[in-house]
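Remarks on the structure that follows.
Computation of the quantities below employed the complete heavy-atom set of this structure, encompassing side-chain atoms and omitting hydrogens, waters and symmetry-equivalent molecules.
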Amino acid sequence: METFIQQIVNGLVLGSMYALVALGYTMVYGIVNLINFAHGDVMMVGALTAYSMFLLLAHVAPGLPGWLTVIIATAGAMLVCGTLNYFIERLAYRRLRNAPKLAPLVTAIGMSILLETLAMVIWGRDYKVFPSLLPNTIITIHGVVITPVQIMILVLTCVLLLGLTILINKTKLGRAMRATAENPRVAGLMGVNPNMVISAAFVIGAMLAAIAGVMWYANFSTANFYMGFTPGLKAFTAAVLGGIGNLSGAMLGGVLLGVIEVLGAGYIGTLTGGMFGSNYQDIFAFIVLILVLTLRPQGLLGERVADRA
C-alpha cells in the first residue's frame, strides 16, 4: 500500500506540471481553435532562461537566499516566455487565422523546430544541472517520501489554477476572452479587441509554461534544448483527455495523465512478468490519447468552445 500511495504522490506531482502546460494549449484553442505545438518548447525556453538567470544572479548577487534566487529566475523566465509567445502569435499565427486548418498546424510544427534549434545554438547540447538552491531534505509521512520541491509544485499549481479561474470568470479580461471564444466578430462589435485578447491568451499560457519549465527543471534536476518536446505532447494529450477548450478539463486531464503514467511505469514490470520496464512509461500517454479520441473525442468534461457563425 505504501508503494501505491508513493506512486500516486509522484503522479500528482508529474500531472501538475502537465496540467500547467495543458492550460496554455486549452486557452489558445478555446479562443482561436489553434493547437500551438510549439508550446512545449516555450516551456523549455522557460527552464533554460531560469538556468541563465541562476548564473547571472550567482555573479551579480552571490549572497541571495536560494528561494529568492528561484523566484527572481522564474519571474525572468515568465517575462521572456511571455514576450516570446507574443511575437510568435503576432508574426507566425495572426496572418493564418482565416487560412486552411493545415497551414497553422504546419507553422506550429515549424516554430517548434525553430525554437529547439535556436535553444541549441544559445545554450548548447549539454544538460544543465539545477543548482543547489532549494532544500533537498526528504520528508517521510507514514512511509511515503516527498521533497520540499514536490510540495512546492503541488501548492503552486493549486494557487495558479485558482488564480486563473478567478481571472477568467471575474475580471474584464476574462469576460473579453469568453466573448471572443464565443464569437470574435460579435465581441469586436461590443468593444472587445480580439487581437489583444488572443495575444493575452498566448502570453498567459506562455507564463504558465515557463513556471512549469522551472518546476520540471527543479524536480528532475536537468534541462536541455530538447526537454520540451515529450512533455508538450503529453500536455496536449492531457488537454484532449480533459476536454480541450475547458480549463478545468485541462487540469483534470493533466493530473489523471500523470497518475496513469506513474502507476503504469511502476507496475508494468509486474504485470508483464518483467518483459517491459519503467522505460516504457511514455507509451501510456499515447494509449490514453488513442482511447480518448476513439471513445470520447470531446474529452471527460466536454468542450466549451462554441460553434462560430
Side-chain angles (χ1 to χ4, degrees), residues 1-24 40 43-44 46-51 53-54 57 64-78 81 128-167 204 207-223 227-228 230-231 234-235 238 242 247-248 250-266 278 281 285:
M1 179 57 73
E2 289 180 359
T3 302
F4 177 77
I5 297 175
Q6 180 70 66
Q7 297 289 63
I8 293 293
V9 171
N10 294 339
L12 290 175
V13 173
L14 181 62
S16 295
M17 293 183 283
Y18 288 157
L20 287 181
V21 183
L23 287 171
M43 167 189 163
M44 171 269 296
L48 292 177
T49 299
Y51 164 77
M53 291 291 294
F54 293 150
L57 291 171
L64 281 179
W67 61 269
L68 183 58
T69 300
V70 173
I71 290 175
I72 295 174
T74 302
M78 292 171 65
C81 289
K128 313 302 179 185
V129 178
F130 192 85
S132 301
L133 297 172
L134 299 174
N136 56 4
T137 55
I138 295 177
I139 302 170
T140 303
I141 304 174
H142 298 295
V144 177
V145 175
I146 190 168
T147 66
V149 171
Q150 291 176 323
I151 295 174
M152 177 197 71
I153 290 172
L154 293 172
V155 172
L156 186 56
T157 300
C158 293
V159 171
L160 289 172
L161 176 62
L162 178 61
L164 185 61
T165 302
I166 293 173
L167 173 69
I204 293 171
M207 289 182 173
L208 293 174
I211 296 172
V214 178
M215 288 179 175
W216 193 280
Y217 188 17
N219 189 56
F220 294 105
S221 299
T222 59
M227 63 172 284
T230 300
K234 292 179 181 179
L247 295 180
S248 299
M251 194 70 196
L252 175 63
V255 171
L256 283 178
L257 185 63
V259 171
I260 291 170
E261 182 176 322
V262 170
L263 287 177
S278 59
Q281 67 178 38

Taking only distance into account, with no hydrogens and no angle test, what donor-acceptor pairs under 3.5 Å do side-chain atoms of residues 141-164 form with protein atoms, sequence neighbours excluded?
unit_1: Thr147; atom_1: OG1; unit_2: Gln150; atom_2: N; d: 3.2
unit_1: Gln150; atom_1: OE1; unit_2: Thr147; atom_2: N; d: 3.1
unit_1: Thr157; atom_1: OG1; unit_2: Ile153; atom_2: O; d: 2.7

Shortest non-hydrogen contact between Gly228 and Met44, atoms and distance: N-CB, 3.9 Å
Separation of Tyr18 OH from Leu23 CG (nearest 0.5 Å): 15.0 Å
Distance (rounded to the nearest 0.5 Å) between Met43 CE and Leu20 CG: 9.5 Å
Sequence neighbours excluded - side chain to side chain donor-acceptor pair (under 3.5 Å) pairs with any residue from residues 4-17: Gln6-Asn10
Atom pair OG1/OH of Thr222 and Tyr217 - distance to nearest 0.5 Å: 8.0 Å
Over all atoms of both residues, closest heavy-atom pair of Ala50 and Ala73: O-CB, 4.0 Å
Distance, nearest 0.5 Å, that separates NZ of Lys234 from CE of Met17: 10.5 Å
For the student: nearest non-hydrogen atoms of Met53 and Ile72, plus distance: CE-O, 3.9 Å
Sequence neighbours excluded - salt bridge (Lys or Arg N to Asp or Glu O under 4.0 Å) pairs with any residue from residues 212-223: none
Centroid separation Phe54 to Phe130 less than 6.0 Å: yes
Leu252: partners by side chain to side chain contact (heavy atoms under 4.5 Å, CB included), with sequence neighbours left out: Leu256, Leu300, Leu301
Return all side-chain donor-acceptor pairs below 3.5 angstrom for residues 207-215, not counting sequence neighbours, or 'none' if the list is empty.
none

Partner set under side chain to side chain contact (heavy atoms under 4.5 Å, CB included) for Phe4, not counting sequence neighbours: Met1, Ile8, Leu263, Tyr267
